[in-house]
Amino acid sequence: MTITCSQLLEKYSQAWLGATVHPFLQQCHSGTIQHSQFNTWLVQDYLFVVEFTRFVARVLANAPTDHFDVILGGLSALKDELNWFKDKATSRQLNLETKPQPACRQYCNYLEMVSDMPYAVQVTALWAIELAYNQAWQLPGIMPQPYTEFADRWGNPNFTEYVKLLEQLADEAMSKSSQDAQFQAESVFLEISTKEKDFWEMAFF
Ligand code: HMH
C-alpha cells in the first residue's frame, strides 16, 4: 500500500491545522497585527526562503528528468520571490542581514537533513512546504492592505496549480519507493507541520 499526499493530510489533519491556521494570519486578516510582528515574520521568512531555495535546488538535482519542468518552474518563482522580499525589506527599512531566530534556524537545518533522504521523501517535503503557505494565506479570506500582496503571492491560482503539480510528482515518486521511504515521508510531513506552526509562533511573540 502506497501512502499519498491526500492521505497524509487526512491522517495528520490536526498537525496540519496547526501549520495553516494561526492568530498571526487571523490578525493580518483583521488588520490588527503589530507592524513589528509582521516585520519579524518578513525578515525571518526571507532567511528561510534563501535556505529553502538551496533545498529546492538539491531536490532538482535528485529528480528524474520528467520532474524537471515543475521544479524548475518553482525555482524560477523563487528567483522572483527573493527579489520581492528585498524590495519589501527596503521599503519597510528592514535589515535582512539579521540572525535567524531558533525556529527559523531549526527549520533550515531540518531542510539539510531531508536533503540526505530519498528523492520521494524530498519531493513530498517540497509539496508540504509549499502547500502550507498556499493554504495558510488563503484560508483567512481576502487580506486587507498592506497584506493583500502577501496573501496573493502564495494564494494565487498559479501557485495553487504549481502545488497540485508537486502533489502529482510526490505521489508518483512515493508509489515507486520502498516502505521505509514512505514511513520516512510520513514523519517528515509531521515534522514540517510542526515546524510551520513554530514559525508562525516565532513571529507572533
Ligand atoms: C516558513 N514555509 C515558510 N515560509 C515560506 N515562504 C514557505 C513555507 C513557502 O511556501
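Hydrogens, waters and symmetry mates play no part in the numbers below; they use all other heavy atoms, side chains included.
With sequence neighbours excluded, the residues that form a salt bridge (Lys or Arg N to Asp or Glu O under 4.0 Å) with Asp80 are Arg153.
For the atom pair CD of Gln7 and CG of Leu9, the computed distance is 10.5 Å after rounding to the nearest 0.5 Å. How far CE of Met113 is from CD of Glu191: 8.0 Å, rounded to the nearest 0.5 Å.
Ring geometry, Trp41 versus Trp154: the interplanar angle exceeds 60°, so the pair is classed perpendicular (tilted spans 30 to 60°). Note on ring orientation: taking the six-membered ring where Trp is involved, the planes of Trp127 and Trp16 are parallel (angle under 30°, cut-offs 30° and 60°). Between Phe52 and Phe48, the ring planes lie parallel to each other; the angle is under 30°, not in the 30° to 60° tilted range.
Nearest heavy-atom pair, Val123 versus Ala173, reported as atom, atom and distance to 0.1 Å: CG1-CB, 3.9 Å. For Thr53 against Leu75, the heavy-atom pair with the smallest separation is O-CD2, 3.9 Å. Among all heavy-atom pairs drawn from His29 and Gly141, the shortest one is CD2-O, 3.9 Å. Counting all heavy atoms, side chain and backbone alike, Glu167 lies closest to Cys5 at CG-CB, 3.6 Å.
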Q. Would Leu42 and Phe150 count as a side-chain contact (heavy atoms from CB on, under 4.5 Å) if you check the C-alpha gap in whole Å, the side-chain angles of each, and the deciding distance to 0.1 Å?
A. CA-CA 10 Å; Leu42 182 59; Phe150 292 85; 3.7 Å; yes
Q | Evaluation steps, ring pair (Phe, Tyr, Trp, His ring centres under 6.0 Å), between His67 and Tyr119 | A | CA-CA 11 Å; His67 288 194; Tyr119 171 71; 5.7 Å; yes
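Within the 3.5 Å criterion, the main-chain N or O of Lys86 finds a donor-acceptor partner in the side chain of Thr90.
Tyr110 carries Lys195 over the face of its six-membered ring, with the cationic atom under 6.0 Å from the centre and within 45° of the normal.
A donor-acceptor contact under 3.5 angstrom links the side chains of Thr160 and Gln138, judged on distance only. Side-chain atoms of Gln122 and Asn62 include a donor-acceptor pair closer than 3.5 Å. Donor-acceptor pairing under 3.5 Å is lacking for the side chains of Tyr133 and Glu196.
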